[in-house]
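Structure record follows, encoded as structure tokens.
A, B, ... follow the sequence lines: proteins, then strands. Residue 1 opens every chain.
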Amino acid sequence: MVRAAFSTINKMIDFKQHVVEALHKVCPSLTLEQLTVLVEVPPDAKMGDFAFPCFQLAKAEKKNPKQLAEDISKAISCDTKLVERVAATGPYVNFFLNRTAFMAQILKTVADNAGQYGHSKLGQGKTVIVEYSSPNIAKPFGVGHLRTTVIGASLTRIYSALGYKVVGINYLGDWGTQFGKLMEAYSRWGDDAELAKHPIQHLYNLYVRFHKEVETDPTLEDKGRAWFQKLESGDAAAVSQWTRFREESIREFERMYAELGIHFDVYEGESDYPKAADAAVSDLVTRGVAIESEGAIVVPLGDDMPPALLRKQDGTTLYLSRDLAAIDARKKKYHFDKILYVVGSEQILHFKQLKALLEKEQPAWAATVEHIPFGRIQGISTRKGTLVFLEDLLSETQERALEKIREAKVLDVNVDENEVARKVGIGAIVFNDLRTRRVKDVEFSWDKVLSFEGETGPYLQYAYARIGRLMEKVGVKVDSKTDVTPLNQEEAWAITRMLANYPNVIRNAAESNEPSFISTYLTDLASAFSSFYQNHRILGASPEFQKAAMLLVGNVRSVLHHGLTLLGVPPIERM
RNA sequence: GUGCCCGUAGCUCAGCCGGAUAGAGCAUCGGUUUUCUAAACCGAGGGUCGCAGGUUCAAGUCCUGCCGGGCACGCCA
């Protein structure tokens with residue numbers, strides 16, 4: 001598929017297409033497809049809106065690229081209603097669009113799409129499963145879990161915007177040896193009253209203590225494993241304790257998700273699959289795919305990767321075997337076209353093995369499985385007890401936001417300052433996790449999350465709120481048929497180019513599973529707006545300019561709203 | 001040891017399919033408010049794009065090697 005520099009929404013005149021066709025007439029040796037790939041957007045709007053680099057053609061025709069660019073620019077003929085002028089700059093042929101025409105079209109399109117601009121039917125009829133968040137029960141919700149939660153939630157919204165049917169699954173880590181360990185710890189140092197009062201905190205303390213004590217008493221490990229074996233074989237006491245741990249934990253998680261505005265379509269848990277996993281492993285054994293090795297059951301996966309361990313010596317299942325069973329059940333239930341696992345990069349091998357197993361058994365599915373890894377948060381650790389809790393993050397950022405609100409004194413009495421502070425805090429935290437490309441490790445820094453200036457969530461929220469107030473004060477309704485000729489400022493042109501590109505940004509974000517593409521884009525857009533706003537006063541200007549400006553900034557506002565929503569940063573009307 | 005990922009300004013990062021002078025934010029310094037919210041805007045300084053080769057008309061971007069950091073490598077998830 002050819003990637004257009006400017007979007008090609010239905011019924012829109014495609015300016016790039018016109019440039020390509022005009023070039024084709026002058027350079028018939030290149031096909032339309034080749035030209036579409038070659039034509040690019042110059043780094044600076046001053047150089048033009050499209051450019052054709054002449055290097056390749058010059059080489060093929062054994063000509064000087066500069067001369068060739070010169071010749072082409074003289075020979076070419078464009079419709080001046082679309083392309084105002086063509087000029088050679090060195091080895092490039094630069095095209096300058098008829099700004100008024102382009103602007104009129106883009107601004108109208110955005111306005112007429114009423115908050116749906118950027119949506120598409122790309123994924124129509126397709127189902128994508130996004131497995132994300134998936135916290136371990138009995139562990140507090142820390143900044144580490146926040147990343148998968150925030151990235152995954154954003155991906156579900158991005159895919160929905162592109163017309164996919166999305167199923168967001170929270171696959172709880174509610175099974176495994178860790179629970180045996182927790183039970184062992186509870187039997188030694190647990191306190192019933194304490195568990196009732198502060199369940200998460202108590203379980204967390206037990207977890208930390210277990211890992212500390214195991215260093216001096218390694219037999220604890222085996223005792224933990226024994227507990228898990230009892231749990232997996234259905235021992236009543238073990239099951240009832242596990243149930244209690246699980247329920248208390250889920251309650252806490254749900255509070256967090258509500259706070260972040262995140263909703264899951266489905267809650268599953270590893271505990272749903274041990275039986276199915278066991279059956280699947282047995283099946284692989286009878287069919288000779290899996291073999292016994294050192295008392296465990298494994299599947300050799302060739303020289304590229306270590307064998308997949310599917311059943312332990314003590315007969316219990318593993319994460320990998322349960323994942324295998326889970327994907328099977330999901331395929332049958334949802335008939336997905338794609339499944340995304342938003343899980344940290346430390347599990348790359350795990351998912352490589354999962355895919356390799358599927359390739360042996362269900363090669364058609366294997367291609368639909370995609371691990372979406374992300375970098376680690378450095379400087380915090382559950383085991384060492386240096387975890388930063390999401391609760392603390394929220395309260396710190398919100399307190400900071402409240403201070404700022406009181407300093408500025410711009411809110412009137414009808415606006416709830418606590419509500420604004422709450423949204424600013426969430427915006428700061430969420431955006432902080434979606435700012436950079438997923439794969440990068442991030443060093444946790446209080447300074448960074450508590451900063452509301454520059455490339456931050458609150459910066460975007462601020463721009464959004466300001467546009468809203470501006471529009472209220474100007475009091476001119478947005479009309480998509482407004483004459484845009486008064487918008488002859490360089491800043492207005494920069495904004496228009498960005499608005500035109502928004503649908504591509506969403507598509508690219510989905511293609512790469514990178515919400516950060518949207519973060520970067522929104523920061524640029526907000527910055528372009530701020531620049532326009534600061535340099536061109538609207539209130540008190542001519543009615544013609546006011547009308548045109550409302551169309552422009554109204555569009556910025558709706559795209560900001562749309563993009564912020566995709567990220568999970570709450571838009572704020574006044575702040 | 002083997003495999004995967006990262007390495008761009010003092011710090012945090014952007015840079016799409018290789019293309020025209022490598023861009024932001026923070027921090028530093030200087031400026032902007034009787035007029036649309038200063039959580040903002042404008043300007044200045046600051047870079048051998050980890051190092052060395054290679055491919056190419058053209059390399060931060062592709063390939064190889066090395067260095068530095070992170071992660072993973074059978075009974076955790």
*Residues in contact with RNA chain B, drawn from residues 312-322 of chain A - heavy-atom cutoff 4.0 Å*: A:Lys312, A:Gln313, A:Leu318, A:Tyr319, A:Arg322
*List the protein contact pattern of nucleotides 58-63 of chain B with one symbol per nucleotide (5' to 3'): B for base contact, S for sugar-phosphate-only contact, - for none; contact means a heavy-atom distance under 4.0 Å.*
------
*asked:* Using the six-membered base ring of B:C36, report whether A:Tyr533 stacks on it, requiring centroids under 5.5 Å and planes under 30° apart.
replied: yes
_Side-chain donor/acceptor of A:Asn94 to base of B:A20, under 3.5 Å_ = yes
*Does the separation of the ring centres of A:Phe245 and A:Phe179 fall below 6.0 angstrom?*
no
_Show me the pairs that pass salt bridge (charged side-chain N to carboxylate O under 4.0 Å, His left out) and involve residues 311-321 of chain A, at least two apart or across chains._
A:Asp278-A:Arg311
*asked:* Would you say A:Gln347 and A:His371 are linked by a side-chain donor-acceptor pair, where the criterion is simply a distance under 3.5 Å?
replied: no
_Tell me which residues in residues 295-308 of chain A lie within less than 4.0 Å of RNA chain B, going by non-hydrogen atoms._
A:Ala296, A:Val298, A:Pro306
*Contact state string [nucleotides 7-14 of chain B, B base, S sugar-phosphate only, - no protein heavy atom under 4.0 Å]*: S----SSS
Could you pull out the protein-nucleic contacts involving nucleotides 42-47 of chain B (nitrogen or oxygen on both sides, under 3.5 Å)?
from  : atom 1 : to       : atom 2 : distance (Å)
B:C42 : OP1    : A:Ser531 : OG     : 2.9

*Map every base of RNA chain B to its dot-bracket character, where paired means a Watson-Crick or G-U wobble contact with both distances under 3.5 Å and | marks a partner outside the strand.*
(((((((..((((.....[...)))).(((((.......))))).....(((((..]....))))))))))))....
*Cut-off 3.5 Å, side chains only: do A:Asn513 and A:Glu370 have a donor facing an acceptor?*
yes
_Applying ring-ring contact (aromatic ring centres under 6.0 Å, His included) as the test, list every pair that has at least one member in residues 299-321 of chain A; sequence neighbours left out._
A:Tyr319-A:His350
*With sequence neighbours left out, write down each residue that passes salt bridge (charged side-chain N to carboxylate O under 4.0 Å, His left out) with A:Arg469, or none if nothing qualifies.*
A:Glu472
*Which atom pair, heavy atoms only, marks the closest approach of A:Ser345 to A:Gly375?*
OG-CA, 4.2 Å
_Expected output is a numbered-order residue list: members of residues 537-555 of chain A with a heavy atom under 4.0 Å from any atom of RNA chain B. What is it?_
A:Arg537, A:Ile538, A:Leu539
*Nearest to the side chain of A:Gln378 - B:G74, B:G70, B:C5?*
B:G70
_Those residues that, when tested against A:Phe96, pass ring-ring contact (aromatic ring centres under 6.0 Å, His included) (two or more places apart)_ = none
*Does A:Arg422 pair with A:Glu419 as a salt bridge, N-O distance under 4.0 Å?*
yes
For residues 57-65 of chain A, which side-chain N or O atoms pair as donor and acceptor with protein atoms under 3.5 Å away, sequence neighbours left out?
from    : atom 1 : to      : atom 2 : distance (Å)
A:Glu61 : OE1    : A:Lys63 : NZ     : 3.3
A:Asn64 : OD1    : A:Lys66 : N      : 2.8

_Expressed as a whole number of angstroms, how long is the span from A:Arg469:CZ to B:A39:C1'?_
16 Å
